[in-house]
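In this chain, residues are counted from 1 in sequence order.
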Amino acid sequence: MALFLLIPAFSVLIGAFESNDGALTFSNLRIALSGPYLQSFVTSFELSVGSTVIAVVVGFVSALAVAATRGRPRALVQSSSSVLANTGGVPLAFAFIATIGNFGVVTRILSRMGLNIYAHGFSLYSVVGLIIVYQYFLIPVMILVMLGPIQNLRPAWVEAARTLGASKLRFWWSVGLPILSPALLSGTVVLFADAFAAYATAEALTSGTLPLVPIQIGSLISGNVAAGEANLGNALGLGMIVVVALAATIYVLSQRRASRWLR
């Protein structure tokens with residue numbers, strides 16, 4: 001943790017308040033929170049929120065279906081989710097370009113059927129396109145996060161609700177969802193942080209043209225924008241650390257609350 005988390009984070013913190021000549025300055029933070037860099041935070045939030053909402057709903061419903069399944073199909077979904085949750089980067093970007101890109105296989109098939117998705121404003125290389133791509137690994141993460149808490153719902157709770165005359169919908173509204181709410185919150189936070197910090201897939205898919213915080217940091221650190229702006233990249237990195245730290249705090253608190261139901 002010291003080598004790969006604490007020391008790099010401390011280095012980013014120091015660099016964010018350091019000028020090119022090593023003096024203390026707040027100009028890096030002022031620039032990072034204004035103009036195009038502020039817009040990159042806004043775009044990253046829009047991408048993260050859109051991706052998270054879809055993945056939470058689809059992943060939760062999928063986890064319910066998987067929990068109600070037995071045998072090989074369940075084991076197949078669980079193992080596949082473990083693999084897909086760690087899939088990303090250039091291979092994932094290329095797979096979607098080859099599938100629903102401008103000249104992708106699915107795009108050409110739809111065009112032959114008279115439906116040109118790009119003629120109606122859709123673009124794979126936009127925020128909407130990234131939201132679709134991110135579902136490939138966010139939905140499996142949500143399935144893995146929610147599968148355990150759903151399996152821990154005690155059958156006695158369902159029987160008690162039915163004995164008192166509750167329907168399935170009433171059970172989920174009054175019992176199931178309140179019990180699973182800490183786990184749902186944890187999963188939402190994990191997905192948001194994952195989408196907010198994703199870099200390789202977005203960089204490979206958009207070639208760095210979309211204003212996202214990770215892409216901006218990569219450009220500044222590598223010197224592709226202007227020489228001597230690495231500390232501005234550290235300031236943007238500090239903003240990401242704050243966002244992820246808030247998400248981690250919410251995750252820990254919700255996990256503590258969820259653990260009460262497992263005792």
Side-chain angles (χ1 to χ4, degrees), residues 36-66 73 76-146 184 187-219 224 240 243:
Y37 300 110
L38 178 60
Q39 182 59 42
S40 68
F41 275 100
V42 174
T43 305
S44 293
F45 270 103
E46 292 175 350
L47 172 62
S48 301
V49 171
S51 303
T52 299
V53 169
I54 297 175
V56 165
V57 174
V58 178
F60 177 64
V61 174
S62 301
L64 289 175
V66 173
L76 178 62
V77 172
Q78 287 181 293
S79 59
S80 300
S81 297
S82 300
V83 174
L84 296 177
N86 295 282
T87 301
V90 177
L92 180 60
F94 175 77
F96 272 88
I97 291 173
T99 305
I100 58 175
N102 294 67
F103 303 100
V105 176
V106 175
T107 304
R108 296 179 64 182
I109 293 175
L110 293 177
S111 297
R112 293 175 182 175
M113 298 171 59
L115 178 61
N116 187 349
I117 57 177
Y118 283 86
H120 296 82
F122 170 78
S123 175
L124 179 64
Y125 318 103
S126 63
V127 172
V128 175
L130 280 178
I131 289 176
I132 294 175
V133 174
Y134 281 13
Q135 303 309 308
Y136 194 87
F137 57 85
L138 291 182
I139 291 176
V141 171
M142 189 62 182
I143 292 175
L144 295 175
V145 169
M146 291 305 304
L184 277 170
T188 301
V189 170
V190 169
L191 265 59
F192 178 85
D194 200 359
F196 191 85
Y199 168 75
T201 301
E203 170 69 22
L205 192 64
T206 66
S207 300
T209 58
L210 200 63
L212 297 175
V213 178
I215 292 178
Q216 295 276 28
I217 294 174
S219 298
N224 292 335
M240 288 197 65
V243 172

Could you give the side-chain donor-acceptor pairs of residues 88-110 under 3.5 Å, partners two or more places apart or in another chain?
{"unit_1": "Thr99", "atom_1": "OG1", "unit_2": "Ala95", "atom_2": "O", "d": "2.6"}
{"unit_1": "Asn102", "atom_1": "OD1", "unit_2": "Tyr125", "atom_2": "OH", "d": "3.2"}
{"unit_1": "Thr107", "atom_1": "OG1", "unit_2": "Ile100", "atom_2": "O", "d": "3.4"}
{"unit_1": "Thr107", "atom_1": "OG1", "unit_2": "Gly101", "atom_2": "O", "d": "2.7"}

| query | Looking at Leu210 and Ser126, what are the two nearest heavy atoms and their distance? | reply | CD2-C, 4.2 Å
| remark: Minimal heavy-atom distance between Leu84 and Pro140, with the atoms involved, is CB-CG, 3.6 Å
| message | To check you understand the geometry: which heavy-atom pair defines the closest contact between Met240 and Ile217, and what is its length? | response | SD-CD1, 3.6 Å
| field | From Leu191 atom CG to Met142 atom CE, the distance as rounded to the nearest 0.5 Å | value | 6.5 Å
Run the side-chain donor-acceptor check on residues 44-55: report pairs under 3.5 Å with partners two or more places apart or on a different chain.
{"unit_1": "Ser44", "atom_1": "OG", "unit_2": "Ser40", "atom_2": "O", "d": "2.9"}
{"unit_1": "Ser44", "atom_1": "OG", "unit_2": "Val213", "atom_2": "N", "d": "3.0"}
{"unit_1": "Ser48", "atom_1": "OG", "unit_2": "Ser44", "atom_2": "O", "d": "2.8"}
{"unit_1": "Ser48", "atom_1": "OG", "unit_2": "Phe196", "atom_2": "N", "d": "3.2"}
{"unit_1": "Ser51", "atom_1": "OG", "unit_2": "Leu47", "atom_2": "O", "d": "2.8"}
{"unit_1": "Thr52", "atom_1": "OG1", "unit_2": "Ser48", "atom_2": "O", "d": "2.6"}
{"unit_1": "Thr52", "atom_1": "OG1", "unit_2": "Phe192", "atom_2": "N", "d": "3.4"}

| What is the minimum heavy-atom distance between Pro211 and Thr43, and which atoms define it? | O-CB, 3.2 Å
| said: Looking at every heavy atom in both Ala202 and Tyr134, which two are closest together, and how far apart are they? | reply: CB-OH, 3.5 Å
| message | For Leu144 and Ser82: C-alpha separation, side-chain torsions, deciding distance, then whether side chain to side chain contact (heavy atoms under 4.5 Å, CB included) applies. | response | CA-CA 7 Å; Leu144 295 175; Ser82 300; 3.9 Å; yes
| said: What verdict does the side chain to side chain contact (heavy atoms under 4.5 Å, CB included) test give for Thr206 and Leu212, after you've listed the backbone C-alpha separation in whole Å, the side-chain angles of each residue and the deciding distance to 0.1 Å? | reply: CA-CA 10 Å; Thr206 66; Leu212 297 175; 5.9 Å; no
| How many angstroms lie between atom CD1 of Ile143 and atom CD of Gln78, to the nearest 0.5 angstrom? | 10.0 Å
